[in-house]
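Right, one structure below, let's go through it.
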Amino acid sequence: MRRPLLIFLLVVLAIILFMVHQVWSLLTLLVVDGAADAITKAELPAIGSARKAPSLIPKIIHQTYKNESIPPVWQEAQASCVELHPESEGWEYKLWTDAMSVDFIEAEYPWFLETFKGYPFPIQRADAIRYFVLAHYGGIYIDLDDGCNRPLDPLLVYPAFVRRTVPTGISNDVMGSVPGHPFFMMVTQVIQGYDRSWILPYITVMGSTGPLFLSVLWVHWLGGGKNIGDDADGGRLRLIFPDEYEGQSWSFLTHHVGNSWHGYDVQLIFWLGRNWVLVTIVGFAVGLTLIASGWLGYRRFAGGDASKRAKSPTGHKLAFWNRWRQRQHEYELVDRHEV
Ligand SMILES: *[C@@H]1O[C@H](CO)[C@@H](O)[C@H](O)[C@H]1NC(C)=O
């Protein structure tokens, strides 16, 4: 193979490897299924029957809204969770308003206050606060658009759980944890470093505080071999799969209308998702065009075409040197535009 072509291909390969490395966590996300950590129907007690295992997670339900006036559309879902977890059975209910959240971060995590207040989208604060209250108090966080179908007590026997989403990743809409669980501690410790803008609001929110952020940390967590031991060790993060989440008689939750923050960019992303064949073809076309124009540019710069090399004023080192010596004699033959 000609040397300029070889160099060019090596550079392209290096760039591709670099890009794959950059998105490696996302690619891993496509193949990690987490089945080993599933909370299966078989290990759950039937609705209404008691379970002997000791509770680890404290009986606290956390929800968030900007103030105490929950919009009518979510009141039914909220009431279903409050009613199934009464104070008389030791449950506590905490609604984190914007003002309470800022006070809590200021008092307990002052190093995070500036980032917390500086998030451009309110949903980022709603995302972030749930990790901090779980790491701090423990309990179960539930999004306002999730209602309860049965008491969540059987989930208290695990040190921590999140909801597995299909086809990939985990969600942050229903999560439980003991106080100080290592996974949520890690989440609160690294969240500041993920505060970046990805141009589109949806991707910025997902990647800096939302489910994509949490899923990437989950992949790192699994990859670091941290999800080991049995439940009593306190380190393991368990997963609720779709059937245990909603839609079956034994599911824990019911889903109500939500996604109040989705904007124009989500339409675009969903459109890209629906038209992924077209998007893939266009992506390859653009990629190959970039590589081809890179090659043409490189060849022009380095004089990579052997048939024209002798006439080129540039070229790789050796050719350049040969030509340098002949230059005075051949100068009039040089035509840059032929290369
Ligand atoms: C809560 O926010 C809504 C919407 O911004 C507003 O209409 C309502 O008056 C607020 N409620 C309280 C108690 O401040």
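Along the sequence shown, residues are numbered consecutively beginning with 1. Atoms within each ligand, like the ligands themselves, are counted from 1 in listed order.
The closest approach between any non-hydrogen atom of E68 and ligand 1 is not below 4.0 Å.
In this pair, H181 and F183 present their aromatic rings perpendicular. The plane angle is above 60°, beyond the 30 to 60° band. Classification of the F184-Y131 ring pair by plane angle, with boundaries at 30° and 60°, yields parallel.
Those atoms of ligand 1 with a heavy atom of K66 less than 4.0 angstrom away are 2 (O), 4 (C), 5 (O). Residue contact check: S69 has heavy atoms under 4.0 Å from atoms 1 (C), 10 (C), 11 (N), 12 (C), 13 (C) of ligand 1.
Here the options are I140, N149, L155, L84, the test is side-chain contact (heavy atoms from CB on, under 4.5 Å), and the partner is F252; only L155 passes.
With no hydrogens or angles considered, no side-chain donor-acceptor pair links Y137 and H62 at under 3.5 Å.
To the nearest 0.5 Å, atoms CG (D103) and CH2 (W96) are separated by 9.5 Å.
Of the protein's non-hydrogen atoms, N67 ND2, 3.6 Å is the one closest to atom 3 (C) of ligand 1.
Using a 4.0 Å threshold on non-hydrogen atoms, atom 5 (O) of ligand 1 counts as touching the protein.
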